[in-house]
Number of protein chains: 2
Amino acid sequence: MSDRARHIPEATVARLPVYLRSLAELVDEKIPTVSSERLAEMAGVNAAKVRKDLSYLGSYGTRGVGYDVEYLLFQMSRELGLTHDWPVAIVGAGNLGSALANYGGFTQRGFPVAALFDSDKAKVGKRIHGVEVHHTDDIAPLAEELGVGIGVIATPASAAQDAADKLVQAGVGSILNFAPTVISVPDGVSLRKVDLALELQILSFYQEHRDVGS
Amino acid sequence: MSDRARHIPEATVARLPVYLRSLAELVDEKIPTVSSERLAEMAGVNAAKVRKDLSYLGSYGTRGVGYDVEYLLFQMSRELGLTHDWPVAIVGAGNLGSALANYGGFTQRGFPVAALFDSDKAKVGKRIHGVEVHHTDDIAPLAEELGVGIGVIATPASAAQDAADKLVQAGVGSILNFAPTVISVPDGVSLRKVDLALELQILSFYQEHRDVGS
DNA sequence: GCTCGCTTGTGAACTTGCGCACTAGCGTTC
DNA sequence: GAACGCTAGTGCGCAAGTTCACAAGCGAGC
């Protein structure tokens, strides 16, 4: 119970932010306690799954009553590492990179854009949403100096692996990849991807194979 | 073998587009055949997994040789339903919706933007990237008329469920949700989500819990 | 035409994740 | 203060997915 080293399953980790958002909504509505059933409904999952997921964080519920919304919110924020900011570096200052830098919700949610990088020297020196664009050759020294832990890759596919390598070299431990390609990182570096075309193609499959029976 | 109704596991379906992209690269490089090992390396997965995944499509490989790149590419495109276009409707003509409509790669990959919808009457009638913005009240008749099978939700969280309901009512069978909220759809409708904040929070967790041991 | 190397296809063990169903235990009511 | 209703926490069987390891079988070379 007291050891912080409990291993939390990946599937659970991926759901925690969903619970977090639900809890934030409940706080807004000034609802003091919530049952696993209610939370499950809000998060679109099974109630038993909610209880099991939350039990990995500790025993924060009260039997017969439910979970204290604010307390659980705090504990979950702490577990997710959201009690402090995570400066991010964005590699690629094209359409997507600029859009991400301009998107205010980034900073607002505790992920301020600390630096922007591009390999195009014509873009270096410009400012996007108040953040200066640096050359990709300077990723390592700058990202390290700014304490960047999370890197975002918004380059074309062809430049993505190089960007990832440079981010890793800069000591970045987590990468979010928007480039439509597979990139590889050393063990110990977390990697997640967001790929629009891929999502649409998956939906295309299910659309193509819709139940012909009904 | 011959029955097309084989059930393909979800996890496999999600990987098919990755293989597809790898195959497209191989075609560009004029490489005629590929082994499961090579394909696995390109897709960033295990070779046995590649073979099992591909076996769900049929026996398209040749022992001792590998897979014929072009033939496999064709079969996979067919299975994914990518041999024809899938007109999509985008709900929400704000920052994200506009960006998506402007993003050419959409049409280019066989997912032309057939219609744009917004609940703001001031936006109705305007054209974005050549596509007229309609009112969300007209989703049902228009989407049906245009043969839209896939809907994209790019609204604020508060409007997302309503958008989903209207898309479903219009007969849309697949939805890609960009709104940072959980939405529910009836059985038989496919739903996938892309959530930036969620991805960053997941990375934040792993960043916060990085191995203190090494 | 036989042998040998190579690669697919797949049975089977194993791992992870899910969800039921039950127990533990808090708070309230009488 | 005893009994009851309600909800968290969890053990366990089941399902899905992954990986290993091997048999099947193609093609090249002699």
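Below, all heavy atoms of this structure are taken into account, side chains as well, without hydrogens, waters or symmetry copies. Below, read A as the first sequence line, B as the second, and so on, with proteins coming before strands; counting in each chain starts at 1.
Between the C1' atom of D/dA8 and the CG atom of A/Leu72 lies a distance of 12 Å, rounded to the nearest Å. Put simply, CD on B/Glu10 is 11 Å from P on C/dC18, counting in whole angstrom units. Rounded to whole angstrom, the span from the OH atom of B/Tyr56 across to the P atom of C/dG9 amounts to 13 Å. Protein atom CG of B/Asp68 is 15 Å distant from nucleotide atom C1' of C/dT7, rounded to whole Å. Look at CZ on B/Arg51: it is 13 Å from C1' on D/dT18, rounded to the nearest Å. Between B/Ile8 atom CD1 and D/dG17 atom C1' the separation is 15 Å, expressed in whole Å. We find that NE2 of B/His7 is positioned 14 Å from P of D/dA15, with the value rounded to whole Å. In this entry the distance linking CD of A/Glu41 with P of D/dT7 reads 13 Å, nearest Å.
For A/Asn46, no side-chain nitrogen or oxygen approaches OP1 or OP2 of C/dG17 to under 4.0 Å. The shortest distance between the side-chain N/O atoms of A/Tyr60 and the OP1/OP2 oxygens of D/dT7 is not below 4.0 Å. Remark: B/Tyr67 is in phosphate contact with C/dG9, judged by side-chain N or O atoms under 4.0 Å from OP1 or OP2.
The line from CH2 of B/Trp86 to CG of B/Leu82 is 9.0 Å long, rounded to the nearest 0.5 Å.
Taking the nucleotide of DNA chain C with the nearest heavy atom to each of A/Gly64 and B/Thr62, the more 5' of the two is matched to B/Thr62.
Looking at the side chain of B/Ser36, the nearest of the listed nucleotides C/dT8, D/dT18, C/dC18 is C/dT8. Distances from the side chain of A/Ser59 to the nucleotides D/dC26, D/dG9, D/dT18 place D/dG9 closest. Considering only side-chain atoms of A/Arg15, the nucleotide from C/dT8, D/dA8, C/dC18 that sits closest is C/dC18. Of all nucleotides listed (D/dT18, C/dT8, C/dC26), C/dT8 comes nearest to the side chain of B/Arg63. In this structure, of D/dG17, C/dC20, C/dT10, it is C/dC20 that holds the atom nearest to the side chain of A/Ala48. When the nucleotides C/dG9, C/dG19, D/dT19 are ranked by their closest atom to the side chain of A/Lys49, C/dG19 comes out on top.
Inspection of the A/Gln169 and A/Asp165 side chains reveals no N or O donor paired with an N or O acceptor under 3.5 Å.
Put simply, the side chain of B/Lys52 and the base of D/dT19 share a donor and an acceptor less than 3.5 Å apart.
Residue A/Val34 is in sugar-phosphate contact alone, with no base atom involved, counting any heavy-atom pair closer than 4.0 Å across all strands shown.
With hydrogens and angles ignored, the 3.5 Å screen pairs no side-chain donor or acceptor of A/Ser35 with any backbone N or O of A/Gly66.
In this structure, the side chains of A/Met42 and A/Leu23 stay at 4.5 Å or more apart for every pair of heavy atoms. The closest side-chain heavy-atom distance from A/Asp162 to A/Thr155 is not below 4.5 Å.
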